[in-house]
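Heads up: the structure comes next, in structure tokens.
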Protein chains: 2
Amino acid sequence: MSSVNAPEHASRMKSEDRRELILEAATAVFGEFGYVGATTDQVARAAGVSQPYVVRMFGSKEKLFLEVLDRAHDRLLSTFRAVLAAPEPDVSISTQLGRAYVDLLADRGLLLSLMQAFVLGSDPAIGARARRGFLAMYEMLRDEAKFEPVEISQFLAGGMLINTLVGMRMSDEFESNPLATELLTTALPEKLDCLLDIGRAPSSVAP
Amino acid sequence: MSSVNAPEHASRMKSEDRRELILEAATAVFGEFGYVGATTDQVARAAGVSQPYVVRMFGSKEKLFLEVLDRAHDRLLSTFRAVLAAPEPDVSISTQLGRAYVDLLADRGLLLSLMQAFVLGSDPAIGARARRGFLAMYEMLRDEAKFEPVEISQFLAGGMLINTLVGMRMSDEFESNPLATELLTTALPEKLDCLLDIGRAPSSVAP
DNA sequence: GTCTATAGGATGATAGAC
DNA sequence: GTCTATCATCCTATAGAC
């Protein structure tokens, strides 16, 4: 058994810890550059390990990305389940889930990685995984949140609009472009301030 | 001056015609594989020309993609303007624009290419172009369609949900997966049949 | 205007030392 | 468990013939 406080060598840690570290780095890198655009070397640098190590630990770039996706889906669903398990009184579930969703943007890369998978539907492995995750979300909204069809539709649509605006970095122009300011203000009522905080946060991905 | 009906050589046509041909091919290819994932060689094959010719005509892969984006934005805006210029009576503008939007899916790759640009916000050139196009759409909905803020928000959100479902090829599972059937039915009321037609159409991009 | 040939650079993956 | 070295592949872009 190994101590968390005094690992024998800083450069030598349990496989599970490294794994988690790399998955976090990969989430940020894939979110920023996309599945094809990101390189295993970028992931390795962000995680502080060597490029071959990343490939060796996950088998391939594709398998790494699939794990990133699974992790993101798990986080998303468990976050929503936490809200449903302990809802605030006097606030609609839809609003609470919406807030929880925007809060997830703090995890730079998480929702962006999902978004990246959404445009890869024609890839056999990745497309299938993306659809599975999206359908799981639908099922949760229907069965656990007890949403009506219209609510589901509106909730998903709102989420995709947020994803899109974040994906295209619209908040970058919030201050410089009045039109962008107006769009963000009208399209994302009450979710704006959080989104802008995220936008100002330093990117965790080195250039 | 050259005749449209009798080009001297089938393999030799006016620059403008080839240009249009390549842009159409590029739209399909970029939509299917994304900006990074698509290769200039795939575009060339789809257009029936050589790979260096594609690069030479547009300067670079990036410039080609930017032209694809501009074309797509133009098509989108002019389609909407056509609806606004001759609206059907007794049908809300929002509904008519929504229908026009879904009809655009028939142009395989057009909306998908836009979607691909949405996830490339961190790319300086492409991100800027994507934001500009999105903002132009916002401006049109506000000034020409005279939408209220809520209408704009809902309209854009609905569009992004459609993009996402199309991007991840959810309609591929329409028949095999009951959950997918239900999701598509509830999330896209009255737009479904058109979307499924598109899904069944043969891909214009060779494997 | 269009092609063939190819240079030049990057990247995913493997082999093997420590 | 982790790294260095390196291979093989692929892809954009250029050069130059026709």
Side-chain angles (χ1 to χ4, degrees), chain A residues 1-4 6-23 25-26 29-30 32-68 120 123 125-126 205-207, chain B residues 1-4 6-23 25-26 29-30 32-68 120 123 125-126 205-207:
Chain A
M1 70 190 62
S2 69
S3 159
V4 173
E8 230 164 321
H9 302 293
S11 59
R12 223 174 174 90
M13 60 169 72
K14 277 197 319 191
S15 186
E16 277 309 304
D17 296 341
R18 277 264 187 257
R19 197 181 180 80
E20 194 56 29
L21 207 63
I22 294 176
L23 280 171
V29 174
F30 281 130
E32 179 117 23
F33 302 103
Y35 169 60
V36 194
T39 71
T40 54
D41 193 55
Q42 285 174 306
V43 173
R45 274 189 229 280
V49 298
S50 70
Q51 178 267 331
Y53 187 54
V54 171
V55 175
R56 185 173 271 254
M57 174 165 272
F58 293 89
S60 70
K61 181 183 176 183
E62 183 178 69
K63 283 178 188 164
L64 170 59
F65 187 61
L66 291 176
E67 286 221 32
V68 166
L120 289 174
D123 180 287
I126 298 175
V205 181
Chain B
M1 74 192 60
S2 68
S3 159
V4 172
E8 230 165 321
H9 302 294
S11 58
R12 225 175 173 92
M13 60 170 71
K14 276 197 318 189
S15 186
E16 277 311 303
D17 296 342
R18 277 264 189 258
R19 197 180 180 80
E20 194 55 31
L21 208 62
I22 294 175
L23 280 171
V29 174
F30 281 129
E32 178 118 25
F33 302 103
Y35 169 60
V36 194
T39 71
T40 53
D41 193 55
Q42 284 175 305
V43 173
R45 273 189 230 280
V49 298
S50 70
Q51 180 267 330
Y53 187 54
V54 171
V55 175
R56 184 173 271 252
M57 174 165 274
F58 292 90
S60 69
K61 181 183 175 182
E62 183 178 71
K63 284 178 187 162
L64 170 59
F65 186 61
L66 291 176
E67 285 222 33
V68 166
L120 288 175
D123 179 287
I126 298 174
V205 181

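The analysis underlying the following values was restricted to heavy atoms, covering all of them including side chains, and did not include hydrogens, waters or symmetry mates. Chain naming here is simple, since letters A, B, ... match the order of the sequence lines and numbering starts at 1 in each.
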Whole-Å gap separating [atom2] ([N]) and [atom1] ([X]):
{"X": "B:L64", "N": "D:dC11", "atom1": "CG", "atom2": "P", "value": "16 Å"}
{"X": "B:D41", "N": "C:dA5", "atom1": "CG", "atom2": "P", "value": "14 Å"}
{"X": "B:M57", "N": "D:dA13", "atom1": "CE", "atom2": "P", "value": "16 Å"}
{"X": "A:Q42", "N": "C:dG12", "atom1": "CD", "atom2": "C1'", "value": "13 Å"}
{"X": "A:F33", "N": "C:dG12", "atom1": "CZ", "atom2": "P", "value": "13 Å"}
{"X": "B:F58", "N": "C:dG1", "atom1": "CZ", "atom2": "P", "value": "13 Å"}
{"X": "A:E20", "N": "D:dG1", "atom1": "CD", "atom2": "P", "value": "16 Å"}
{"X": "B:F30", "N": "D:dC11", "atom1": "CZ", "atom2": "P", "value": "13 Å"}

task: Would you mind classifying the nucleic acid contact of B:T39 as base, sugar-phosphate or nothing, using non-hydrogen atoms under 4.0 angstrom?
output: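 Here B:T39 touches the backbone only, sparing every base.
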- prompt: What does A:A44 touch in the nucleic acid at a heavy-atom separation under 4.0 angstrom: a base, only the sugar-phosphate, or nothing?
  reply: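 Contact class for A:A44: none.
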- prompt: Just by modelled atom types, is the B:V54 backbone N or O under 3.5 Å from a matching donor or acceptor in the B:K61 side chain?
  reply: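 It does not hold such a pair.
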task: Under the side chain to side chain contact (heavy atoms under 4.5 Å, CB included) rule, collect the residues that match up with B:V55, sequence neighbours excluded.
output: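 Result, side chain to side chain contact (heavy atoms under 4.5 Å, CB included) vs B:V55: B:T40, B:Q51.
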message: Please enumerate all residues that pass side chain to side chain contact (heavy atoms under 4.5 Å, CB included) together with A:A25, with sequence neighbours excluded.
response: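 A:A25: side chain to side chain contact (heavy atoms under 4.5 Å, CB included) contacts with A:A46, A:A47.
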message: Once side-chain hydrogen bond (donor to acceptor under 3.5 Å, both in side chains) is applied, do any residues pair with B:R56, and if so which ones, sequence neighbours excluded?
response: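 Applying side-chain hydrogen bond (donor to acceptor under 3.5 Å, both in side chains) to B:R56 gives none.
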- request: Please list, chain by chain and in numerical order, all residues satisfying side-chain hydrogen bond (donor to acceptor under 3.5 Å, both in side chains) with A:E20, sequence neighbours excluded.
  value: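 Here the qualifying residues are A:R71.
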So which protein nitrogen or oxygen atoms get under 3.5 Å of nucleotides 13-15 of chain C's nitrogens or oxygens?
unit_1 : atom_1 : unit_2 : atom_2 : d
C:dA13 : OP2    : A:K61  : N      : 2.9
C:dA13 : N7     : A:Q51  : NE2    : 3.0
C:dA13 : N6     : A:Q51  : OE1    : 2.9

- prompt: Can you name the residues that form a salt bridge (Lys or Arg N to Asp or Glu O under 4.0 Å) with A:D41, not counting sequence neighbours?
  reply: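 Result, salt bridge (Lys or Arg N to Asp or Glu O under 4.0 Å) vs A:D41: A:R45.
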